[in-house]
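Here is the structure we will look at, set down as structure tokens.
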Amino acid sequence: MTLAPETTDLKIQLQLDGDWLTVCDLSTLFPGRGVAALLPNGRQAAVFRDRTGTLYAIDNRDPFTGAAVLSRGLTGTHQGRPFVASPLLKQRFDLESGRCLDDEAVRVATYEIQVS
Amino acid sequence: MTANLGATPTIVLVGHGMVGQRFLEALAERGLTATHRVVVLCEEPRPAYDRVALTSYFSGKTPEDLSMTDMEFIEKHGIELRVGDPAETVDREAKKVTSRSGLVVDYDVLVLATGSYPFVPPVPNKDAAGCFVYRTIEDLLAIEEYAKTRASTGAVVGGGLLGLEAAGALKGLGVETHIVEFAPRLMPVQVDEGGGAALLRTIEDMGLTVHTGTGTQEIVTDASGAVTGMKLSDGSEVATDMVIFSAGVRPRDQLARECGLAVGERGGITVDEQCRTVTDPHVFAIGECALAADGRVYGLVAPGYEQAETVAATIAADESEQLAFTGADLSTKLKLLGVDVASFGDAHGTAEDCLDVVYSDSRAGLYKKLVIGRDGTLLGGILVGDAEAYGTLKAFTGSVPPVSPESLVLPAGAGAPAQLGPTALPDEAIICSCNNVTKGTIRGAVTEHKCTTVPEVKKCTKAGTTCGSCVKVLGQLVNAELEASGVEVDKGLCGCFSQTREELYEIVLALRINTYQDLLDRYGREGARGGDGCEICKPAVGSIIASLAPAIGASNYVLDGEQAALQDTNDHFLANLQKNGSYSIVPRIPGGEIAPEKLIVIGEIARDFGLYTKITGGQRIDMFGARVEQLPLIWARLVDAGFESGHAYGKALRTVKSCVGQTWCRYGVQDSVRMAIDLELRYRGLRSPHKLKSAVSGCQRECAEAQSKDFGVIATAGGWNLYVAGNGGATPRHADLLAQDLSDAELVRLIDRFLMFYIRTADRLERTSTWLERIPGGLDHVRDVVVHDSLGICDELEKLMQAHVANYRDEWAETINDPEKLARFVSFVNAPDTPDPVVGFVPERDQMKPDLPLLSIGMRPAAPQEAALEGSVQR
Ligand code: SRM
Ligand SMILES: Cc1cc2nc3c(=O)[nH]c(=O)nc-3n(C[C@H](O)[C@H](O)[C@H](O)COP(=O)(O)OP(=O)(O)OC[C@H]3O[C@@H](n4cnc5c(N)ncnc54)[C@H](O)[C@@H]3O)c2cc1C
Ligand code: SF4
Ligand code: FES
């Protein structure tokens, strides 16, 4: 989680096995809307930016349906914590911990994210 | 209980199924895991999982999703869980259990929870390749593999609960499915003849073939030993590539027999009311392997849970908690193949002198029966096709319901009075039978334990956590209790706004607030200001802004600026998200009228992009299976051919259906097609609290079904009749006549007013039908406002609609001409040309359908590897 200054040539990077993978320009990320990134290991990450400019990345796979769609959900704030709601069956996931807020047993992976 | 002197006493649990797991939880709750060593021998390759929900694997749940075992719980309580290591022998003399791996454990208490095994009738070739049972995750994996690679036809032996579940699963795998049942009807245990007939009809309508009153005599195989068919006892033969036996279960009491414990004549380990075996005070049996004190073996999970609690309490020997298991209720509610089936209490009416109240409509697949005692006591019942009232009825069983029994089974709209609410129930009424929770306990959760939401009450009481069929009643009770105890039930839109949707509409309109952020920061709840809102208020406010766009100076293009971030995913991609992450596309076909050239264009586009096509229930054509990056390409061609968005994705006007009307039909009295097209073009793109549907019929015969629409128009010799607030869907409602014999202009003006008044005052996701029923004064009030202008707002309503009509633009035409917006239509931001690999399709009936197994297995590395991967990237 990093605060992103408003510049256009800045890149968003995710940490994968110790290396930083560049996924897109900071400017492509629209506050409140996510994008999906394909990772070299075949998994997918959902990347979000909130209105303060804070960035988050979690696994893109919706564990309830199996579809890779979490990046297409609506984001929000619940008791001060950021979340995304799955666009399919609407379960909420905490963007910082990956925990599902509607089902304690479910959690998605999270990724370290930075701007450089 | 005598413990080995000096050593910690040991409890050994054999079998880690659903009941075994509940037993462990019951031990932990009573602190027994702290004072005892607990060893669990688990035969299956995975710890306890939700067997009741097993079939949901085929709708996309993974084995991990089904797990009921929290490893943190196991570790925290120091439970020694040995997965894949079954108990092989018990030496009761020496009090030792030996496992397959050779582990020998000394026990002080032994608890057997070994469940059941599926009974396979001893027919020739029953073990041939292609024969399966339906009990474990491993069974399902094998069935799936075989069905996908080697079978196009399948047969299920047994038409009971599980047989029907298995048949549903086979059908879902694309296999042509037969069901063979020995009894003369399906589900013979739960339903009676009438219910069986309703069920049969519905299941046959789904394309399954049912053979009742006949048994399997022999499995026929080919030279390689694989199944090719089945001979039935009535002499007929069914060609089939696979067979699933689902002819009942038998208790797994082998281990018990071998160590000399008494078992029943028809199996089951004989136990007393504490679930202690009658042979040995140190050994208990619970769940499906136990023959309970009332002489029955229970094949349901709820009684097993009760037994688990009983044994834990007995071991704790806690004076305050003397539990006994003396029998249980066999009520069940299921959704089989999409059909609701429920039975409760004395469903077959075995009590002396009892009476039946039956409502049956086999055309609609409905059958409802209540069994009533002479004195009016509700004794039991059967519901097929509509089990809405199950929760309430079950809870009233054993008492005299406060309203007449007839009114409880009549469908809404057929003269039934207001539904009986759960607030009328006595405190002892069992609300959740899976977990044996009474209404009193639920009320206590609210009043004493200060729970204020359904999730909190679930956690506190365990109610609603198993089969889920009681959750609806639970919600009603919690709200009623909150209101009664003076807690003001928050009527605000969501956690971010304390205002209702209607209040927010007024604020937006009066103050011309045209961004969500501005509204949230000025009018949101204290803690929500400055935040990111939530998925409930964002689309709701987005919709208000879109409805009022011209009046408040906002863009009327929903993907402009901040509005793009407010839209549900469907509106954001201007298409409908499907279960595998692909989208469907519905171009507008006003009034359902379409010229051959345009039909051909749709055909060509669908063919070129490999889309599944279907005529919708709304008189237009849906193309399914487009990947997100294909949407702009497809729409470029559609727009080019003169099509525009059909807003199938939006809470907006959907279709105005029409009948052919006066132009062709010998009965028609007005040009219904022209009117339907005019109305559809007038109101297209209008964002509203929920979707809006309409239809125009050319005469009273009503071929366009206008009386089931939000606004429906029926031609008369003198003009048009306008009906409002009709609804199909889950709670159908016939529309009410608002005004008669209107001219074209009068009709349009009245609809303008009606729609704008609805948009102004309805709640989020409230159709016109529920809105009309909710608002004070109902139809009369609406008529006063929109016909007689009692509030003096009609001018404003008309102006708002005129502004909408004048400013309408096609969203898709707009989007394909905007490169910045188009850049959003990719699966991956870092690989725009790569399609999402999870979106795959398999053939079906000359077209294709989503490849669902790809979703559950496609991208998922094996479990342990995944855990490592998650660990390494977690913060
Ligand atoms: C495609 C279609 C079924 C079909 O293959 O025929 C369909 C498909 C869906 N319907 Fe429908 N409905 C379709 C006609 C209907 C009809 C018949 C009609 O319009 O004449 C009804 C009953 C009439 C009514 O609405 O009063 C209908 C009542 C519903 C309901 C229940 C609404 C209610 O008030 O109870 C829902 C659920 C909802 O909206 O909350 C629903 C929801 C849906 C959704 C949006 C479910 C979802 O969230 O995924 C489906 C998505 C469509 C998609 O992905 O493209 N659909 N749906 C029909 C599209 C018509 C069209 O051309 O736009
Ligand atoms: C498809 C399906 C749908 C169902 N739907 C419903 C429903 O809707 N409602 C309902 O109430 N019930 C339903 N049931 C029944 C419900 O699943 C059972 O009542 C419940 O699972 C019984 O729990 P149990 O722990 O007694 O047995 P199980 O869950 O079967 O667990 C017993 C475990 O013991 C293991 N075991 C056996 N012998 C040994 C040994 N020697 N050593 C170690 N382990 C051993 C077995 O491998 C098994 O894992 C359904 C069952 C199925 C198969
Ligand atoms: S509603 Fe009347 S006019 Fe229209 S098709 Fe039916 S019979 Fe003909
Ligand atoms: S009745 Fe099954 S969870 Fe409540």
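Below, chains carry the letters A, B, ... as their sequence lines are ordered, and counting in each starts from 1. Side chains included, hydrogens not; waters and symmetry mates left out as well; all remaining heavy atoms used.
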Rounded distance (nearest 0.5 Å) linking atom OG1 of B:T834 with atom CD of B:E629: 8.5 Å
Value rounded to 0.5 Å, distance of CZ in A:F48 from OG1 in A:T54: 14.0 Å
Option that, when pairs with chain B are counted at under 4.5 Å, heavy atom only, ranks first among A:R33, A:H78, A:E104: A:R33
Output field: ring centroids B:F573/B:F825 closer than 6.0 Å: yes
Closest-packed option against chain A by number of heavy-atom pairs under 4.5 Å, given B:A565, B:G495, B:A528: B:A565
Options A:V84, A:D102, A:V35, ranked by heavy-atom pairs under 4.5 Å with chain B, top entry: A:V35
Ring geometry between A:F64 and A:F93 (parallel below 30°, tilted from 30 to 60°, perpendicular above 60°): tilted
Chain A contact via B:K458 - side chain, backbone, both or neither, heavy atoms under 4.5 Å: neither
Closest-packed option against chain A by number of heavy-atom pairs under 4.5 Å, given B:L566, B:V826, B:N580, B:D836: B:D836
Heavy-atom pairs under 4.5 Å with chain B, option from A:R51, A:Q79, A:K90 with the top count: A:R51
Residues B:K538, B:D568: salt bridge by 4.0 Å N-O rule: no
Part of B:I536 lying under 4.5 Å from any heavy atom of chain A: side chain
Pair B:E25 + B:R22, salt bridge at N-O below 4.0 Å: yes
Contacts of B:R764 that satisfy salt bridge (charged side-chain N to carboxylate O under 4.0 Å, His left out) - sequence neighbours left out: none
Approximate separation, where rounding is to 0.5 Å, of A:Q13 CD and A:S116 OG: 3.5 Å
Residue selection (most heavy-atom pairs with chain B, distance under 4.5 Å) from A:P82, A:G73, A:A37: A:A37
Value rounded to 0.5 Å, distance of OH in B:Y649 from CG in B:D571: 7.0 Å
Which atoms of B:K579 approach chain A - backbone, side chain, both or neither, heavy atom under 4.5 Å: backbone
Which of A:T77, A:L88, A:V106 touches chain B most, by non-hydrogen pairs under 4.5 Å: A:T77
Which atom of B:L577 lies closest to which atom of B:N570, heavy atoms considered: N-OD1, 2.8 Å
Top of A:V69, A:T75, A:V47 for chain B proximity - count of heavy-atom pairs under 4.5 angstrom: A:T75
Contacting moiety of B:E820, where chain A heavy atoms sit under 4.5 Å: neither
Interface residue of largest heavy-atom contact number with chain A, from B:Q567, B:E562, B:K61, under 4.5 Å: B:Q567
Among the listed options B:A823, B:A564, B:G527, B:A831, the residue most often paired with chain A at heavy-atom distances under 4.5 Å: B:A564
Proximity breakdown for B:D70 and chain A, heavy-atom pairs closer than 4.5 Å: neither
